[in-house]
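Note that the coordinates shown come from a computational prediction; the quantities given were computed from them, not determined experimentally. Values below: every heavy atom of this structure, side chains too, minus hydrogens, waters and symmetry copies. The chains referred to below are lettered A, B, ... by the order of the sequence lines, with proteins before strands, and numbering in each begins at 1.
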Amino acid sequence: MRSLDQLFEHSSRALARRTSRRSLLAGLGQILTGSALLPLLPIDRAGRAQAAEPKPKSQTAGPESCEYWKYCAIDGFLCSCCGGTSASCPPGTTPSPITWIGTCQNPGDGRDYIVSYNDCCGKTSCGNCDCNRNEREKPMYRPSRNNDLNWCMANADSNYHCSVSVILGVSEK
Amino acid sequence: MRSLDQLFEHSSRALARRTSRRSLLAGLGQILTGSALLPLLPIDRAGRAQAAEPKPKSQTAGPESCEYWKYCAIDGFLCSCCGGTSASCPPGTTPSPITWIGTCQNPGDGRDYIVSYNDCCGKTSCGNCDCNRNEREKPMYRPSRNNDLNWCMANADSNYHCSVSVILGVSEK
Amino acid sequence: MRSASLLVAAALNIGMHARAAELPPPLPAEHMKVEALAAAGPHWVYVFDEAFFNETDARVHLFDGDTYRRLGQIDAGFTPGFNLSPDGKTTVVATTYFARGSRGTRTDVVEFTDNATLATTREIVLPPKRAMTLPTLFNVTYSDDGRLVYVAYVTPAASFGVLDPAAGTVLGEIDTAGCVMVIPSGPNRVSSLCESGRVLTVTLDAGGHESSRAMSEPFFDADKDPVFMQGVKIEGGFAFLSFLGEVHEVDFSGAAPAFSPAWSLVSATEKGHWRPGGSQVGAVHRGLHRMYVSMHVGGEGSHKDGGTEIWVFDMTTHRRLARWPVGTMGTMGNLGTVLAVQVSQDGAPILFAATDKSDVVVLDALTGRVRHIEKRLGQTPWMMLNP
Amino acid sequence: MRSASLLVAAALNIGMHARAAELPPPLPAEHMKVEALAAAGPHWVYVFDEAFFNETDARVHLFDGDTYRRLGQIDAGFTPGFNLSPDGKTTVVATTYFARGSRGTRTDVVEFTDNATLATTREIVLPPKRAMTLPTLFNVTYSDDGRLVYVAYVTPAASFGVLDPAAGTVLGEIDTAGCVMVIPSGPNRVSSLCESGRVLTVTLDAGGHESSRAMSEPFFDADKDPVFMQGVKIEGGFAFLSFLGEVHEVDFSGAAPAFSPAWSLVSATEKGHWRPGGSQVGAVHRGLHRMYVSMHVGGEGSHKDGGTEIWVFDMTTHRRLARWPVGTMGTMGNLGTVLAVQVSQDGAPILFAATDKSDVVVLDALTGRVRHIEKRLGQTPWMMLNP
């Protein structure tokens, strides 16, 4: 487990570093055309620029709600409803060492955070708190941003149970 | 397949012969205390004697309805909603050679019929037309009348897909 | 629209700089881990989901009746049986897998899960004879001392397997002459129910093989008033409820089962109208001597119908203490009917009621007050266990 | 009550004797058999159910859009891909099984089902590399001449397997340098989509091994306006819809993919507001040159949102012919939103629309009139195919 965790930390942080600059540039390019502004949010989120009717977001949604800010690109079951938390896997499951990446704005401080989405693996579908959010999510030809893939694919037990979101850091401005 | 069919025919017809006399005696014993009388049904069904609120039955319910008369002891999915009919298995599945037995009254002629319930096997749950009727159904210690058992148990592929009801004959009076 | 947005964006952009000094420090990076379970609480319950519409995917959900949180999951395969070890530390699942998911080579297996980690720690492969049927307390069970595990076989010939969980081996198979299922009876006896209404009890030797067997007198009549196969754990044994509402308490602690005189859940006028029904019809708080039964109005053949009321009985006086109509419980609308009940064994007990809507209702077992409704705890939650 | 019943019973008992002479002859004994499928009809559709809440139990339902009957089922395992052979006679499923249901040794396999019998006739075991992802036309596919089968691999390194279905063998694996999925392109070419917006096309030799590869110019921009991976079958190739509603038609019939100028589903004022969305966003009637698209109002990130309307386009003029609001279809209440569309290819075409309520709506594809709503055709019907 420890070596898997280290692998995860290494690979997804490296990816986050590469990703954040591109996201930042996209964000800056689009900020002045933003129409999806949220209360108390000083900057628009990259990619939301052309949103006509963004889904309602709640600043108070907790980690057992799909509306929780960290979950902006989870399409799956929330581990926080399955015996885990927003960033930890349920007992008896195994985290995926590989992952997809999201950029989510925290309404609490207005910052964009780079988030790693990991799947928890080795048990059958949790089936609780189905959540389908796809902000900046991309099709499979950009796998680092794709949530359709079963990211348990490289685990010894590659069955998908649920998904967590793990803060990697603030998206650099 | 043919040999399995023959085994089924033999074993369940023999069982029906043994069963029908006992059912008949039970039926005669209870007929005069019957309170669950149905329109146009000249005789009460055995075991319904103490019914306080029998489920409504329809004389016109067809084979895709759980209320269809032949299904009086099916707890499972109706094969007639899964690509089969009331007495035939869906394409690609295999009938169970072993079976449980029911005695159902046909509202069309008022007769009690001995019915063999067979499971169709080798594909995963059909999931359509869930039907749960248990007239004269008995717990597992009387397996010939029990519908909780997976009667696909002795098939080469013992997964349960759906259930059929097959008329064996009129319950002898 | 677009120009208005531009103005708002520009204004907020300025606002961002003004507010920068007030911002809290950024959230720290998180480190993913696997959640550890807390020490088991008295209100934890293991909720079995047959997943009947996707029946190869049965599972057991561990649910906390205090926090209303799901604590984890134990996978259970196809038409499994499951049970807990006498010390509550292990969940045992007897199940079947097919090499190609829904078909192909069948493997029957007993799996052991450490309830402190929800990791499967051991399996024992069985002959392909396991009873594929709905769950009861008697599909798979530990001996009272926890040293053996028994698994019911139906092929449809009836027998059972004797397993040594410590060694991970099958010790043998014992024919039961048509009697079915495995009821633990002391450290080295296994009882089964027979169509004649009798109990077959097989005594095992030190190696897990048969040393003797005995047949009891009949205690019920399968024609006139069969008992549910489900059984309800009571002090020293199990109670078997009949379709018409008779309670047969059987003490399995001695060398032979001892039958108490049957008593009735229903009055003479209720009899034949009000009946127990469902997939787990009753539960007993063994310290308070209270029995909870899922009751409905119905006729012959309604024994799997869910309860519209939960009736509470004093096991000592056999008096009914309360009727809790499900339809009027709480203020949360129609709760459906109750298919399974279970009660915690502590002094502030919780009653769990699983419904035909796949919900689990959490009630105060002393007052019947609804505390919580856990929506869709699986597809078909048909049995619940707690230590 | 009881005495009244007695009287009624006695009266009916007499009635029985009076009626005996009128009774029809008894029903004959029935003989159980396995139902045979009729010849395939043009309105048959293969409805893929991911069974997302029990994801090891995916399946494909064969459904008749004329009789509204389910004709049978093809089991599909865990996160499968599936497709039909060019002649429509075979269903190919690429899937994964675990030795212990939800865990244990992983076996990736391609299974072939005879669509005339719904029996699985052959399997080819793969290396454990199959792309575990949502279904598209490009997870597994036949070559245009039906002689080869290609399977997308993602480990997450991208490659694909080349299979000989007649021999039942894996011929080899071809690395795709980060480009993903298998798009058939003539009898011996496989194309994949790349993050750069280009198409990689690998040409195979007679043994199924790579003989050459070529990279196209970009046809979309994954940053500004990515295309759905799903693809829509058109004459000679596939159309790829973009998140913002651009239609990229790609002809895969030649040695290299040929791109038509993109056209838009939306007007300038609709752009960015009305968008295609779902799990199978479009379908084309290739004879009538009509495209059906599931459309909703939404912003960035809404590309999996279901359609509140189905829009109909003329593929030749690129004009919108109709808007069919789902909410007001028929008189059957709220139908939910549309996640997947498919259209039959005959002269009296049927449009199938799978909803987020797990229903499949059957419509007249010429008028939009709702003919039928098939309730709960699986848990999560996310893709539909017909020959």
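- Counting only distance, with no hydrogens or angles, the side chain of C:S102 and the backbone of B:K123 share no donor-acceptor pair below 3.5 Å.
- Interface remark: of the candidates C:H303, C:R100, C:K304, C:K304 forms the most heavy-atom pairs closer than 4.5 Å to chain B.
- Considering only heavy-atom pairs separated by less than 4.5 Å from chain C, the leading option among B:A154, B:A156, B:S158 is B:S158.
- Partner of B:M140 under the side chain to side chain contact (heavy atoms under 4.5 Å, CB included) criterion, chosen from C:T136, C:L134, C:V180: C:V180.
- Evaluation of the side-chain contact (heavy atoms from CB on, under 4.5 Å) rule for C:K129 yields C:P127, C:Y153, C:T155, C:E173 as partners, not counting sequence neighbours.
- Heavy atoms of C:F243 lying under 4.5 Å from chain B belong exclusively to its side chain.
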Quiz item: What do the steps show when you test C:F78 against B:N150 for side-chain contact (heavy atoms from CB on, under 4.5 Å), and what is the final call?
Solution: CA-CA 10 Å; C:F78 176 69; B:N150 170 21; 3.5 Å; yes

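- Summarising the geometry, atom NE2 belonging to B:H161 is positioned 13.0 Å from atom CZ belonging to C:R103; distances are rounded to the nearest 0.5 Å.
- Between the OG atom in B:S125 and the CD atom in C:Q379 there is a gap of 8.0 Å [rounded to 0.5 Å].
- Residues satisfying the side-chain contact (heavy atoms from CB on, under 4.5 Å) test with C:A340, not counting sequence neighbours, are C:S279, C:Q280, C:A354, C:M384.
- Checked by atom type and distance alone, the side chain of C:R106 never pairs as donor or acceptor with a backbone atom of B:N159 at under 3.5 Å.
- Between the side chain of B:K138 and the backbone N or O of C:P226, no donor-acceptor pair lies under 3.5 Å.
- With a 4.5 Å cut-off on non-hydrogen atoms, C:C179 does not touch chain B at all.
- Here CZ of C:F52 is found 6.0 Å from CG of B:D75. Values are rounded to the nearest 0.5 Å.
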Quiz item: Does the salt bridge (Lys or Arg N to Asp or Glu O under 4.0 Å) test come out yes or no for C:D223 and B:R142, once each step is laid out?
Solution: CA-CA 10 Å; C:D223 287 313; B:R142 181 169 288 169; 2.8 Å; yes

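- Note on ring orientation: taking the six-membered ring where Trp is involved, the planes of B:Y141 and C:F220 are tilted (angle from 30° to 60°).
- Options C:G104, C:S196, C:A51 differ in how many heavy-atom pairs under 4.5 Å they form with chain B, and the most are formed by C:G104.
- B:L149 has its side chain out of reach of C:P156: every pair of non-hydrogen atoms, C-beta onward, lies at least 4.5 Å apart.
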